[in-house]
Amino acid sequence: MSRLLFDSARTEPESWDLLPLRFHSLDAERVVVSNMVGEHLVLPRRELDEVVSGGAPSLETLASMRARHMIRVPGETLPVELLAMKLRTQKRRLADMTSLHMFVVTLRCEHTCRYCQVSRQATGRGEFDMTEETAEAALQHVFASPSPQLKIEFQGGESLLNFALIRWVVARAEELNRVEQRDLAFVIATNLALVDDEMLDFCGEHGIVLSTSLDGPEELHNHNRRRPGQDSWQRAVAGIERVRDRLGPDYVSALMTTTEKSLEHPEAIIDAYADLGLTGIFLRPISPYGFAMRLRGGGRYDTQRWLEFYRRGFAHIIELNRSGVPITEIYAAIVAKKMYSNDDPGYVDLTSPAGIGIGGIVYNYDGGVYASDEGRMLAETGDETFRLGTVNDSWRDLISSNKLLNPLWESFTLSSPGCDQCAFESWCGSDPTFHHATMGDFAGHKAFSAFCARNMGIFTHLVESAEADPFVRELLWEWGHR
Amino acid sequence: MRQEVTDQTLRVRIAERTDPIRNLVFALAFSRSGLTDADGARDVETGRP
């Protein structure tokens with residue numbers, strides 16, 4: 001390949017070498033090209049052909065690709081050093097190991113949500129509560145993890161039904177942390193239906209954040225999330241306002257789940273969040289695990305219908321922002337951080353190696369230890385593939401077991417067929433639980449993978465939207481740098 | 001279909017020419033991870049340095 005890299009300056013050598021790059025066709029005329037660490041560029045297809053074949057691409061193309069370490073001047077070593085440094089930075093959390101520790105403090109719940117993935121139990125059945133003895137053993141694992149950041153997330157069932165254990169775990173973890181001196185944080189996942197001021201005061205004293213479920217407007221939410229009195233929405237909204245009034249706005253966030261009934265209402269769902277003053281919404285598909293796939297679970301829709309829902313929702317969020325209402329689509333913000341920065345957002349569902357076990361780990365009420373919450377859901381229907389052992393096993397045995405290492409190894413995107421040459425590999429992640437559940441294989445066949453189709457659909461939509469509209473590009477850039 | 005075949009052919013050409021550098025970047029990146037540094041490593045059982 002011989003050609004001046006910068007015609008005007010005339011100071012550059014006259015040829016270039018290719019560096020590792022990957023591309024994806026946006027349409028017949030354009031491709032998105034990415035380097036080893038996910039820095040990207042949209043080019044006319046013919047320009048990429050010219051660069052690869054050593055033809056006559058434009059100087060602008062050459063300059064842009066050189067700036068993104070897609071090509072280099074022969075003999076240059078700095079681009080290789082920079083790529084290595086950026087890659088090492090992206091993967092830096094690997095050495096820290098598990099930071100998210102999920103405690104399923106009870107299976108009891110007073111809701112009967114259509115899409116509930118676990119076998120919830122009636123509220124009076126105390127045998128489905130985690131005991132202090134189990135929690136103590138789990139806490140030893142929490143602090144055996146070398147991660148300097150430790151987050152303990154309490155889950156259910158409805159976690160507040162076993163608030164006494166939450167109090168005990170928080171106190172015990174803080175006691176252990178006086179010696180350990182880690183960056184310790186707590187989250188309670190709750191429907192907020194049972195929250196009271198005493199609980200909130202405890203949360204305030206210990207910096208415990210509450211994460212709740214809000215599926216959108218009243219009718220939709222109460223259709224999905226049933227409880228005696230059909231007042232789930234009213235209680236969730238009242239709970240959100242109560243937390244904000246007593247503790248402040250940063251103490252509560254909400255998550256939605258997309259059921260089939262949700263698909264026609266992305267704008268109304270987003271407006272429900274905006275009306276409550278919530279500044280972020282995570283447009284999430286239903287997880288195809290456990291009991292969610294029953295007919296009444298509302299999870300029987302295909303990826304293309306969900307992507308249409310996502311695109312409509314994303315467009316509405318853009319218009320809200322354009323009109324001065326600041327609201328973030330959280331998944332797009334996670335991806336934007338990968339698109340526009342070299343920072344790792346630390347989101348366990350978009351990492352490779354997968355986040356199972358080494359990003360987050362689950363301690364079930366009965367002492368079972370699972371590589372992921374989805375793995376626990378699978379176990380509820382008889383598939384114990386992701387059950388690593390029990391809290392009585394050693395941390396070493398749990399983390400180094402083949403039950404964890406095999407899915408991590410087999411699903412690693414940098415060597416997984418269909419992923420290693422994908423332009424979006426750096427933005428994406430591996431999900432061995434999903435592919436095991438849907439395809440019976442940890443890596444999965446990407447041509448038929450709903451996980452792949454969903455993420456490719458989102459990535460291409462974000463790239464195209466940013467290309468088409470400077471406002472979107474600036475907004476994504478801003479989300480990516482928070 | 002023709003476009004897909006063309007794309008795959010181009011991917012193979014790129015990979016053939018860049019695989020050695022790709023492997024070099026990986027080697028450079030992860031040889032300095034700190035995972036093999038006894039001073040910085042933590043005990044896998046206790047999590048303590």
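Just so you know, these numbers use all the heavy atoms, side chains as well, and skip hydrogens, waters and symmetry mates. Chain identifiers are assigned alphabetically (A, B, ...) following the order of the sequence lines, protein sequences preceding nucleic acid strands; residue numbering begins at 1 within each chain. Everything quoted here is computed from the prediction, not taken from an experiment.
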All ring-ring contact (aromatic ring centres under 6.0 Å, His included) counterparts of A/Phe459, not counting sequence neighbours: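 A/Phe459 satisfies ring-ring contact (aromatic ring centres under 6.0 Å, His included) with A/Phe424, A/Trp427 once adjacent residues are dropped.
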
Atom group of A/Met36 that falls short of 4.5 Å from chain B, counting heavy atoms: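 Just the side chain, heavy atoms under 4.5 Å.
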
Interchain contact, A/Lys91 with chain B, by part (heavy-atom threshold 4.5 Å):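 Side chain only.
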
Work out which heavy atom in [X] is nearest to a heavy atom in [Y]; give both atom names and the distance.
{"X": "B/Ile21", "Y": "A/Leu18", "value": "CD1-O, 3.8 Å"}
{"X": "A/Ser53", "Y": "B/Arg13", "value": "CA-NH2, 3.8 Å"}
{"X": "B/Ala29", "Y": "A/Ala84", "value": "CB-O, 3.4 Å"}

Within 45° cone and under 6.0 Å: A/Arg88 NZ/CZ vs B/Phe30 ring: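 No, A/Arg88 does not lie over the aromatic ring of B/Phe30.
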
For chain B, the option from A/Leu48, A/Thr89, A/Leu414 that forms the most heavy-atom pairs under 4.5 Å: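 Greatest number of close heavy-atom pairs with chain B: A/Leu414.
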
Exceeds 12 heavy-atom contacts within 6.0 angstrom, atom CZ of A/Arg172: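 For A/Arg172, atom CZ is crowded (more than 12 foreign heavy atoms under 6.0 Å).
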
Crowding at NZ, A/Lys151 (>12 non-hydrogen neighbours, <6.0 Å):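 No, because the 6.0 Å sphere around NZ of A/Lys151 holds 12 heavy atoms or fewer from other groups.
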
What side-chain donor-acceptor pairs closer than 3.5 Å can you find for residues 352-363 of chain A, not counting sequence neighbours?
{"residue": "A/Ser352", "atom": "OG", "partner": "A/Thr413", "partner atom": "N", "Å": "2.9"}
{"residue": "A/Ser352", "atom": "OG", "partner": "A/Thr413", "partner atom": "OG1", "Å": "2.9"}
{"residue": "A/Tyr363", "atom": "OH", "partner": "A/His101", "partner atom": "ND1", "Å": "2.9"}

Worked check of side-chain contact (heavy atoms from CB on, under 4.5 Å) between B/Val25 and A/His69: CA-CA 12 Å; B/Val25 171; A/His69 319 312; over 6 Å; no

Rounded to the nearest 0.5 Å, what separation is found between the [atom1] atom of [X] and the [atom2] atom of [Y]?
{"X": "A/Asp17", "Y": "B/Arg17", "atom1": "CG", "atom2": "CZ", "value": "8.5 Å"}
{"X": "B/Leu10", "Y": "A/Phe23", "atom1": "CG", "atom2": "CZ", "value": "4.0 Å"}
{"X": "B/Arg11", "Y": "A/His24", "atom1": "CZ", "atom2": "NE2", "value": "8.0 Å"}
{"X": "B/Leu24", "Y": "A/Thr77", "atom1": "CG", "atom2": "OG1", "value": "10.0 Å"}

side-chain contact (heavy atoms from CB on, under 4.5 Å) assessment of B/Thr18 paired with A/Met70: CA-CA 10 Å; B/Thr18 61; A/Met70 295 170 180; over 6 Å; no

Steps toward salt bridge (charged side-chain N to carboxylate O under 4.0 Å, His left out) verdict (B/Asp7, A/Arg45): CA-CA 10 Å; B/Asp7 284 356; A/Arg45 175 184 295 275; 2.6 Å; yes

